[in-house]
Amino acid sequence: MRTLLCALAAVVALCACDGEAAMSPKSGGRPYEVLIVSAGAGGGGQLLADALSEDAPGLPQAEPLFDVSLTDSLRFNQTARLARNIVIVTVSPDRFTRTRIRYEKNVWARPQTVVYVNTPDTAALGRRLNQVGRHVADLLTRSEMNVEIARLADGGNAEASAAVDSMFGWRMMIPADMTSSKRGEDFLWLSDNAAGGMQSICVYSYPGLSLDPERALAVRDSVMKANIPGERPGMYVRTARPTVSFALAKEGGRTVMKGRGLWEMQGDAMGGPFVSHWIVDSAAGRIIAAEAFVYAPETKKRNLVRQAEAALYTLEKAKPGNGKRTAAPK
């Protein structure tokens, strides 16, 4: 908590020098940091703090969903209000008859998401903690994804995006620092080649009109083996299949199959997390696959993979004159 408030205090000092900035100050804190404020009788913030501190899925080591700081309403001052993600838990049997959630954007700073969890008592919150925790986590994750998408829209790698368009007829925003690339047959690999935590994006396609998890992983292994070899013969990227989970989602009117898990290098100790999106391109009779993956030994990987994952939400069928930015699902 002290580290987060020190960072926010620095933001206050900077904004005080600029009248326009003071009217709409920049939020403070790092991505996926959350300040939980307990208000009212009985608290309740700790319950939600525990829910948001559960292990994030698809990572090789335990990392929490969010980096959570907890405070109470008496300490929720001007500095604390500049946090990028705030959850205010209010317990009041006089005002509420059941647990409800609502949220607002850019209340005291920008970018900022403020989630209000209102409940009559901690027992009522506890009974719905699984649903409430998932809902709040989804709201905050989508908010962070949209912040990253806005950053891509303001300064992405236009040349790499054009390469995706020319090869597949689909548009996708690519991070500016992904300047290294490799092309194969219906395959494009883009990477930042960073020494302290390498982020990569792959786009490839294969024939098909249905989203099948088993076939998707079989194709993934075949494509990665052919296009991402290791340093020596017999080394190649493959999927650690027991770690992979799948989900279907509706985004932009299309069904997207999402996979999240771990990759590993056959014959070597390399590995890390990946996230894949598969979409049916019915007009072309094929599946478009877009994947973000990270190699960051001895480094926390949650933020790295989520940052690269945001680009996957910008994947859309190319249309003449369509420069519209895609956002993560609302």
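Just so we're clear, the structure is a prediction, and the values are computed from it rather than from any experiment.
When only modelled atom types and interatomic distance are considered, Thr99 and Arg128 share no side-chain donor-acceptor pair under 3.5 Å. At a cut-off of 3.5 Å, with distance as the only test, a side-chain donor of Lys105 or Thr113 sits close to an acceptor on the other residue. Counted by atom type alone, Gln199 and Asp177 present zero donor-acceptor pairs between their side chains at under 3.5 Å.
Between Trp263 and Phe293, the angle of the ring planes goes over 60°, which puts this pair in the perpendicular group of the 30/60° scheme. Between Phe76 and Trp108, the ring planes are perpendicular. Angles over 60° get that label, and only those under 30° would be called parallel.
Ion pairing of Glu54 with Arg134 is absent here, as no side-chain N (NZ or NE/NH1/NH2) approaches a carboxylate O to less than 4.0 Å. A salt bridge is absent between Asp154 and Arg151; no separation between the charged side-chain nitrogens and carboxylate oxygens falls under 4.0 Å. Arg84 has a carboxylate O that lies under 4.0 Å from a charged side-chain N of Glu144, or vice versa, which qualifies the two as a salt bridge.
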Could you walk me through whether Arg306 and Glu148 pass the salt bridge (Lys or Arg N to Asp or Glu O under 4.0 Å) check? CA-CA 9 Å; Arg306 285 179 173 177; Glu148 184 60 29; over 6 Å; no
Apply side chain to side chain contact (heavy atoms under 4.5 Å, CB included) to Met198 and Asp192, showing your working. CA-CA 6 Å; Met198 186 176 72; Asp192 61 6; 3.6 Å; yes
Working note: Ile88 + Tyr116, criterion side chain to side chain contact (heavy atoms under 4.5 Å, CB included); need CA distance, chi angles, decisive distance, verdict. CA-CA 5 Å; Ile88 300 177; Tyr116 302 89; 3.8 Å; yes
What's the verdict on salt bridge (Lys or Arg N to Asp or Glu O under 4.0 Å) for Asp268 and Arg232, showing C-alpha distance, side-chain angles and the deciding distance? CA-CA 9 Å; Asp268 201 351; Arg232 297 190 299 274; 5.7 Å; no
Run the side chain to side chain contact (heavy atoms under 4.5 Å, CB included) test on Phe66 and Leu140 for me, step by step, so that the C-alpha distance in whole Å, both residues' side-chain angles and the decisive distance to 0.1 Å come before the verdict. CA-CA 9 Å; Phe66 298 90; Leu140 297 177; 3.7 Å; yes
Test salt bridge (Lys or Arg N to Asp or Glu O under 4.0 Å) on Glu309 and Arg302 and set out the steps. CA-CA 10 Å; Glu309 179 185 355; Arg302 183 199 64 197; over 6 Å; no
Step by step, work out the side chain to side chain contact (heavy atoms under 4.5 Å, CB included) result for Leu152 and Tyr313. CA-CA 11 Å; Leu152 288 173; Tyr313 287 99; over 6 Å; no
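Ile201 and Pro175 make their closest contact through CD1-CD, 3.9 Å (heavy atoms, listed as atom of the first residue, atom of the second, distance). Pairing each heavy atom of Pro64 with each of Asp67, the nearest pair is CG-OD1, 3.7 Å. Residues Ala49 and Val68 come closest through the heavy atom pair CB-CG1, 3.8 Å.
Of the possible donor and acceptor atoms, one in the side chain of Glu63 sits under 3.5 Å from a partner among the backbone N and O of Lys301. Counting only distance, with no hydrogens or angles, the side chain of Ser222 and the backbone of Ala218 share no donor-acceptor pair below 3.5 Å.
At least one cation-pi condition fails for Arg215 and Tyr206: the charged atom is not both under 6.0 angstrom from the six-membered ring centre and inside a 45 degree cone around its axis.
Distance check, rounded to the nearest 0.5 Å: CG of Asp121 to CZ of Arg98 gives 14.5 Å.
Residues Val280 and Ile287 have side chains in contact (heavy-atom distance under 4.5 Å, counting atoms from C-beta outward).
With sequence neighbours excluded, the residues forming a side-chain contact (heavy atoms from CB on, under 4.5 Å) with Tyr236 are Lys225, Arg238, Gln266, listed by chain and number.
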